[in-house]
Amino acid sequence: MANSALQLTHLCSPNSAIPHETSLSPLYLLPRCSSLRETKQIQAAIVKSQLQHDISVVTKLINSCTANPSFSMDHARRLFDRIPQPDIILFNTMARGYARSHYPVRAVALFVRVLDLGLHPDDYTFPSLLKACANAKAIGEGKQLHCLAIKNGLLLNVFVNPTLINMYSECGDVDAASRVFDKILEPCVVTYNSMITGYTRNSRPNEAFALFRELQVSNLKPTYVTMLSVLSSCALLGSLDLGKWIHEYISKNGFDEYVKVNTALIDMYAKCGSLDDAVSVFEKMRFRDTQAWSAIVVAYATHGHGSKAISMFEEMKRSGVQPDEITFLGILYACSHTGLVDEGCKYFHSMVDYRIVPSIKHYGCMVDLLGRAGHLDEAFLFIKDLPINPTPILWRTLLSACSSHGNVELAKHVIERIFELDDSHGGDYVILSNMFARSGRWEDVNNLRKMMKDRRVVKVPGCSSVEVDNVVHEFFSGDGTHSESRGLHRVLDDLVKELKLVGYVPDTSLVVHAEMGEDEKEATLRYHSEKLAIGFGLINTPPGTTIRVVKNLRVCADCHSAAKLISMIFGRQIILRDLQRFHHFKNGKCSCGDYW
DNA sequence: ATAGGGTTAG
């Protein structure tokens with residue numbers, strides 16, 4: 001903003017008239033402000049030229065306050081409060097700001113004043129308010145606004161449609177969203193996008209693809225935003241073939257010019273198990289923003305390449321791109337899964353340098369980092385000292401660590417904390433019960449089982465799936481009905497025995513070691529991966545068959561699968577994240593086979 | 001262009 005600062009000096013000099021229609025006008029500079037400081041400088045120029053009572057000028061100022069990255073609804077509110085008779089445009093502008101702020105409910109609160117003042121909501125009002133409801137997960141208010149939109153004859157408005165669909169699906173009622181969509185006679189591409197996104201965000205990738213197909217055969221053209229959701233659905237399915245098909249479609253249609261699309265491609269490839277393709281997309285990118293860098297850091301981290309994730313993170317900083325909260329999630333994940341406790345703590349504390357306030361997810365990574373490494377008491381104190389209330393998930397992370405490291409006493413204490421918040425999670429009982437069983441405390445096991453029964457806790461079994469030659473084999477925790485289940489158990493028993501021989505504990509701690517896919521550990525892991533391949537090979541498969549999961553997921557993820565199978569055999573809880581990543585095909589056939 | 005809009009990957 002060096003240029004505008006120069007121009008401002010001119011503007012603020014005494015007796016300088018404001019040329020309203022030239023590039024020197026403060027109004028012209030407002031949209032170019034990149035910080036609240038600059039917006040305030042323009043405000044000073046506006047006051048100097050006596051324009052501060054002009055409602056249209058204040059509207060522009062407020063818009064500038066809500067532009068990234070200078071976001072300040074507090075300042076916007078101060079400006080708003082000085083206007084004696086705000087009109088609907090000013091209200092709409094404030095509502096849009098609040099909808100995108102940390103306090104979306106305030107948009108709805110402000111709307112009450114609109115009605116009290118007898119102002120009429122228009123086609124700008126509903127999109128902002130519905131967005132606020134989506135962000136606040138306020139489906140009740142959203143439904144009322146839906147009714148009001150109908151009353152005002154705005155149901156078929158092109159701007160209202162997508163936000164209405166978005167509101168329902170963000171509130172988790174994707175069926176309601178779908179009903180709205182079906183009533184729209186001529187949905188525009190943005191409306192299609194919002195519905196495709198709705199299915200994707202609610203983990204219904206097949207319906208997302210069905211709608212994408214419908215969009216393709218309509219006379220509308222998909223946009224790059226369509227591709228973002230479609231890629232995200234690919235990632236949900238975990239289907240690399242489908243992902244490659246979409247990649248070709250993207251290149252053919254020129255969508256690969258968009259940084260966001262390339263970022264979504266990186267994410268898709270990583271989640272479908274092909275780190276190589278993810279890296280190749282990243283390397284071809286000419287411009288890489290924070291999101292693109294984060295995607296590659298996360299890709300390396302989730303594939304177990306912790307130190308590569310760290311070196312990418314350092315390279316990112318060197319090239320002058322600012323990390324954000326997601327980058328830090330990636331780097332903390334990398335550290336915890338690579339056992340780099342000191343580095344992880346260092347990065348966690350460096351977040352403040354980037355003015356990033358840690359979220360519950362960052363705290364979760366820290367608990368995982370400390371817990372996996374066996375620093376259980378430290379992890380416990382970490383949770384105790386948090387500035388926010390811990391969630392059951394946070395305690396659950398520590399509970400798994402207690403299980404890995406066999407600390408029954410701490411586990412008992414932790415589960416009490418969990419039960420204070422949520423006692424309906426079957427997995428928690430199972431973990432502690434197994435810990436009691438391992439130390440021969442059968443009375444405690446029985447008590448826990450009785451407690452589960454009394455509280456009517458249902459166990460939701462974890463599920464893993466392995467795809468061999470387009471046939472998906474699903475395994476549920478504690479279920480031995482798969483035809484090759486016994487054979488698999490035998491191979492995995494052998495694997496566990498060998499792990500014991502090299503000093504590993506056949507426990508969830510296996511996950512810790514299995515994910516250290518680097519340096520001297522790598523050779524060991526490759527060896528065990530082969531064993532695992534033999535294990536998979538037992539599934540009706542002659543030797544030499546391509547086993548996709550094993551082939552594509554590479555060392556670390558192989559072992560992640562191994563860990564999953566082993567955890568299944570030992571009756572442990574399987575993390576939901578794994579379900580997402582590995583749920584690809586159904587009944588031996590690509591679930592999208594109908595559409596392609 | 002001349003006060004304000006919808007869908008968005010990590």
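The figures here come from the full heavy-atom set of this structure, side chains too, leaving out hydrogens, waters and symmetry mates. Reminder, nothing fancy here: chain letters follow the sequence lines and each chain counts from 1. Note that this is a predicted model, so its numbers are computed, not measured.
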Under 4.0 angstrom between A/Arg288 side-chain N/O and B/dG10 OP1 or OP2: no
Output field: ring centroids A/Phe111/A/Phe91 closer than 6.0 Å: no
Proximity of A/Phe255 and A/Tyr224 rings by center, below 6.0 Å: no
Touch class at under 4.0 angstrom, heavy-atom based, for A/Thr223 against every strand present: nothing
Gap between atoms CE and C1', on A/Met285 and B/dA9 respectively (whole Å): 10 Å
Output field: ring centroids A/Tyr249/A/Phe212 closer than 6.0 Å: yes
Protein-nucleotide distance (A/His247, atom NE2; B/dA9, atom P), rounded to Å: 18 Å
Nearest-angstrom distance from the residue atom CG of A/Asn135 to P of B/dG6: 12 Å
Nucleotide nearest A/Tyr224 (side chain, heavy atoms from C-beta), chosen from B/dA3, B/dG10, B/dT8: B/dT8
side-chain N/O A/Asn166 vs B/dT8 OP1/OP2, d < 4.0 Å: yes
Ring centre gap for A/Trp293 and A/Phe313 strictly below 6.0 Å: no
d(CD1, A/Ile246; P, B/dA9) in whole Å: 16 Å
Side-chain-base donor-acceptor pair under 3.5 Å for A/Asn63 and B/dA3: no
A/Ser34 backbone acceptor or donor facing A/Glu38 side chain under 3.5 Å: yes
C1' spacing across the pair B/dA1 / B/dG5, given as an integer number of angstrom: 16 Å
Interatomic distance where CD1 belongs to A/Ile326 and C1' belongs to B/dT8 [whole Å]: 14 Å
Nucleic acid contacts of residues 140-164 of chain A, taken as heavy-atom distances under 4.0 Å to DNA chain B: A/Asn157, A/Val158, A/Phe159, A/Pro162, A/Thr163
OP1 or OP2 of B/dT8 under 4.0 Å from side-chain N/O of A/Lys131: yes
Presence of donor-acceptor pair under 3.5 Å, side chain of A/Thr263 and base of B/dG10: no
N or O in side chain of A/Lys271 less than 4.0 angstrom from B/dG10 OP1/OP2: yes
Length of the line joining A/Glu170:CD and B/dG6:C1', which is rounded to integer Å: 14 Å
Shortest side-chain distance from A/Thr191, nucleotide among B/dG6, B/dT7, B/dA9: B/dG6
Rounded distance (Å) that lies between atom P of B/dA9 and atom CZ of A/Phe282: 19 Å
Between C1' of B/dT7 and CZ of A/Arg100, the distance in whole Å: 14 Å
Centroid-centroid distance, A/Tyr124 to A/Phe159, less than 6.0 Å: no
Sugar-phosphate only, base, or nothing, as touched by A/Asp324 at under 4.0 Å among non-hydrogen atoms: base
Side-chain donor/acceptor contact of A/Asn193 with base of B/dG6 under 3.5 Å: no
Using distance only, find each side-chain donor-acceptor pair of residues 346-355 of chain A under 3.5 Å and give its atom names and separation, not counting sequence neighbours.
unit_1: A/Tyr347; atom_1: OH; unit_2: A/Glu314; atom_2: OE2; d: 2.7
unit_1: A/His349; atom_1: ND1; unit_2: A/Cys345; atom_2: O; d: 2.9
unit_1: A/Ser350; atom_1: OG; unit_2: A/Tyr347; atom_2: O; d: 2.8

The single option from A/Ser232, A/Ser229, A/Ser233, A/Ser169 passing side-chain hydrogen bond (donor to acceptor under 3.5 Å, both in side chains) against A/Thr197: A/Ser229
Touch class at under 4.0 angstrom, heavy-atom based, for A/Ile89 against every strand present: base
Heavy-atom closest contact (A/Asn135 atom, A/Arg100 atom, distance): ND2-CA, 4.3 Å
A/Glu207 vs A/Ile196 side-chain heavy atoms within contact, under 4.5 Å: no
More than 12 heavy atoms of other groups within 6.0 Å of A/Lys361 NZ: no
Minimum-distance nucleotide to A/Lys60 side chain [options: B/dG10, B/dA3, B/dG6]: B/dA3
Phosphate OP1/OP2 of B/dG6: any A/Arg96 side-chain N/O under 4.0 Å: yes
Close residues, residues 116-128 of chain A, relative to DNA chain B [heavy-atom separation under 4.0 Å]: A/Asp122, A/Asp123, A/Tyr124
Candidate nucleotides B/dA3, B/dT8, B/dG10, ranked by approach to the side chain of A/Thr197 - the nearest: B/dT8
